[in-house]
Amino acid sequence: MSTEQIITRFPPSPTGYLHIGGARTALFNWLYARQKGGKFILRIEDTDVQRSSPEATQAILESMSWLGLTWDEGPYFQSRRYDIYNAVIDRLLDRGQAYYCHCTPEELEKRRKAAMQKGLKPKYDGRCRELGLGPKAEAVVRLKTPLSGATRFKDLIKGAITFQNEELDDLIIRRSNGSPTYHLAVVADDIDLNITHVIRGDDHVNNTPRQILIYKALGEPLPQYGHLPMILGPDKTRLSKRHGATSVLTYRDMGYLPHALLNALARLGWSYGDQEKFSLDELVEKFSLSHVGKAAGIFNAEKLLDLNARYIRETPDQTLARELGPFLQNLGLRDIDSQRLQDVVPLLKPRSKTLVDMAEGARFCFEKEIQYEEKGETKFLTPDVANLLIRLRDKLSSLSRFDQNALEEAFAAFLDENGIQLKKIAQPLRMALTGKTASPGLFEIMAVLGQNVVIQRIDKAVAHIRNKQNAQAGQKG
RNA sequence: GUCCCCAUCGUCUAGCCAGGUCCAGGACACAGGCCUUUCACGCCUGCGACAGGGGUUCAAAUCCCCUUGGGGACGCCA
C-alpha cells in the first residue's frame with residue numbers, strides 16, 4: 001500500500017496584490033493539505049520579469065501571513081529555478097517530444113488574426129514541427145502535441161473533462177530569450193516538488209490538457225486536478241479592481257478579522273449543509289472538495305460584514321483592544337488609556353461591524369475636545385435642557401461612587417425629583433458626553449468616562465448652549 | 001468565431017450523484033414587529049427561486065436531450 005503524502009501548492013505570480021480569489025484558492029489548498037496531514041507549498045511564479053515586482057511578492061507574503069495561511073515549504077521562486085526547467089526542456093528535446101521553431105512573433109500574430117477571421121481556432125499551424133531545425137538566436141522550443149486522440153482527466157470538482165487533441169497546438173515551452181514559459185515551469189516544478197493535488201481556479205481548465213501532455217511527454221505520473229469555480233463581481237464578470245475592494249490587505253485595513261474573511265471565502269463555493277460559521281479547526285475537519293460547487297459565484301460583501309460583526313462579538317476584549325491600536329491612531333487619537341480602552345470595548349462589541357467602526361465608536365473616550373455632530377447638536381443641545389443639565393451635573397458631582405449601580409440609583413432619584421422621564425434628558429446627555437446621537441448605554445459610558453470627565457463635558461455642553469443662545473440674541477438685537 | 005465549463009430566492013447556498021418525505025430549507029440583505037434612554041445586539045414575522053421547452057417515469061429541482069443565458073480559455077502572461 002502506498003500512503004502517499006498529499007502535497008498541495010499555491011503559486012501566485014507577483015504582478016499585484018493578493019486578491020480574494022487568490023486567497024480562496026490558497027485557503028482551499030491549505031485546508032486540503034492540513035486535513036490530509038499533508039504539505040502546503042508556496043511558490044512565487046515570477047518568470048515574467050517585466051511584470052513581476054518585489055513589492056508584489058512582499059504584499060502576497062504579508063497577506064498570507066495575516067490570513068494565517070502558513071506554508072510548510074517555500075516560498076520557492078521560479079526565477080531561481082531555471083536549471084530545473086532547462087533540464088526538463090532538454091529532456092523533451094532529447095526524447096523528440098519538442099522541437100525548435102524559427103517563426104517570428106510577427107508572423108505568428110498575422111496568422112492568428114487570419115485564422116480568427118476565418119472562424120478557425122487561432123492555433124499554431126505546426127510548420128516547423130517536422131523541419132528538424134536546430135537552435136538559433138531567436139528560436140523558441142515547442143512541445144510536440146499529439147495530432148489526434150483526446151486528453152481527458154477526472155476533475156475532483158467538475159468530473160470528467162475531455163479535450164480533443166486537435167484543438168490544441170504546439171505550445172511554446174522555451175522563449176526566444178531562453179526562459180521557460182508558464183506551462184513548462186508549472187509542470188517541471190510540480191514534478192520536482194512532488195505535488196499530488198493541483199487545486200486552482202476554473203480559468204485553468206483549458207490549460208490542464210496542455211500540462212497533462214507535458215507530463216505524458218516526460219513519462220511522469222499525473223497529479224489530481226480540482227478546478228474551483230471563479231469568483232465574479234456583482235456584474236457577473238471576472239472579479240477585478242473595478243468591483244471595489246478585492247485586495248486582502250484592503251480588507252485588513254478596513255477592519256476585518258482574518259477569520260471572518262477566511263470563513264466567508266470558504267463558504268463561497270463550498271458548503272457544509274446549512275452551517276455558516278466555522279472555526280478554523282472545523283474548516284480543516286469538514287472541508288471537502290466534493291462539496292465545492294461547480295458554478296461561479298459572486299462575492300457577497302454584506303455577508304462578510306455580518307460574519308465580521310459576529311466574530312468581533314466573540315473575540316476577547318483584550319485582543320480587540322490590542323487590534324484596535326492602529327485604527328485609533330488612524331483617527332488621530334493619541335495617548336490611549338489602556339484601561340479605559342478595555343472598559344469600552346465590550347460596550348462597542350455588539351454595535352461594531354468592523355474594527356474601523358469600533359475605533360470610531362471609541363472616539364469619545366479619547367478625544368480631548370469632543371465635536372458635536374451637527375444634526376444632534378441642533379436637535380438636542382437646546383436652551384430648554386440647559387437647566388436640567390446643570391441640575392444633573394450637581395447631582396452627579398455629589399456622588400461618592402461612580403459605578404453603574406450608583407449612577408442608576410442617582411438617576412432614578414434625579415428623575416423623580418424633577419418629575420421627568422429619562423427620555424427627556426437622555427439624548428442631550430448623550431450629545432454632551434459623546435457628541436453623537438448613537439452610543440452605548442448612558443450609565444455604561446458614564447462609568448467608563450469617570451466622574452471628572454462626565455462633569456466637564458456636561459459643563460461644556462451647557463456653556464455651548466449658552467453661547468449659542470447669546471449669539472442668537474445678539475443677532476436679533 | 002472555436003473549444004471547455006456552468007445554470008435553485010437580489011446574493012451565498014441546502015437538496016440533485018442513490019427520483020417520492022420539497023406547493024423547495026438555511027444565511028446575508030430588505031420590510032414589519034417585540035425589547036428599549038439612542039444606536040446596536042437579541043427574538044418573532046414577512047418578502048423571495050428550481051432559466052425555458054421537450055422527453056423518461058405512477059412520480060422530476062433531482063435522470064436524458066435541445067434551446068437560451070452566463071462564465072472561462074484560445075499569448076514568446078501567469
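All chains are named by letter (A, B, ...) in the order of the sequence lines, taking the proteins before the strands, and each is independently numbered beginning at 1.
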> Under the ring pair (Phe, Tyr, Trp, His ring centres under 6.0 Å) rule, what pairs show up with a residue in residues 345-364 of chain A, not counting sequence neighbours?
Replying inline: none
> Considering residues at least two apart in sequence or located in another chain, which fulfil the side-chain hydrogen bond (donor to acceptor under 3.5 Å, both in side chains) criterion with S279(A)?
Replying inline: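 Counting only residues at least two positions away or on another chain, S279(A) forms no side-chain hydrogen bond (donor to acceptor under 3.5 Å, both in side chains).
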>> Going by the rule side-chain hydrogen bond (donor to acceptor under 3.5 Å, both in side chains), which residues pair with Y225(A) if we only count those two or more places apart in sequence or in a different chain?
In response: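 Checked Y225(A) against side-chain hydrogen bond (donor to acceptor under 3.5 Å, both in side chains); zero matches.
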Indicate every side-chain donor-acceptor pair of residues 287-298 of chain A with a distance under 3.5 Å to a residue at least two apart or in another chain.
from: S288(A); atom 1: OG; to: S290(A); atom 2: N; distance (Å): 3.1
from: S288(A); atom 1: OG; to: S290(A); atom 2: OG; distance (Å): 2.7

> Going by heavy atoms closer than 4.0 Å, what residues in residues 8-20 of chain A are next to RNA chain B?
Replying inline: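 Those residues whose heavy atoms fall under 4.0 Å from RNA chain B, taken from residues 8-20 of chain A in numerical order, are S13(A).
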>> Within residues 403-411 of chain A, which residues have any heavy atom lying less than 4.0 Å from an atom of RNA chain B?
In response: none
Quick test: give all pairs of protein nitrogen or oxygen and nucleotides 42-50 of chain B nitrogen or oxygen below 3.5 Å, distance rounded to 0.1 Å.
from: G42(B); atom 1: OP1; to: R313(A); atom 2: NH1; distance (Å): 3.0

> What pairs meet the side chain to side chain donor-acceptor pair (under 3.5 Å) rule with one or both residues in residues 419-433 of chain A, with sequence neighbours excluded?
Replying inline: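 Every pair satisfying side chain to side chain donor-acceptor pair (under 3.5 Å) with a residue in residues 419-433 of chain A: Q427(A)-R430(A), R430(A)-S439(A).
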Could you tell me which residues satisfy salt bridge (Lys or Arg N to Asp or Glu O under 4.0 Å) with [X], sequence neighbours excluded, listed by chain and number?
X: R142(A); answer: none
X: E377(A); answer: K468(A)
X: D169(A); answer: R210(A)

Between the protein and nucleotides 5-10 of chain B, list every N/O to N/O distance that falls short of 3.5 Å.
from: C5(B); atom 1: O2'; to: K158(A); atom 2: NZ; distance (Å): 3.0

> Would one find a side-chain N or O of R112(A) under 4.0 angstrom from OP1 or OP2 of G75(B)?
Replying inline: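 Answer yes for this pair, as a side-chain N or O of R112(A) is under 4.0 Å from OP1 or OP2.
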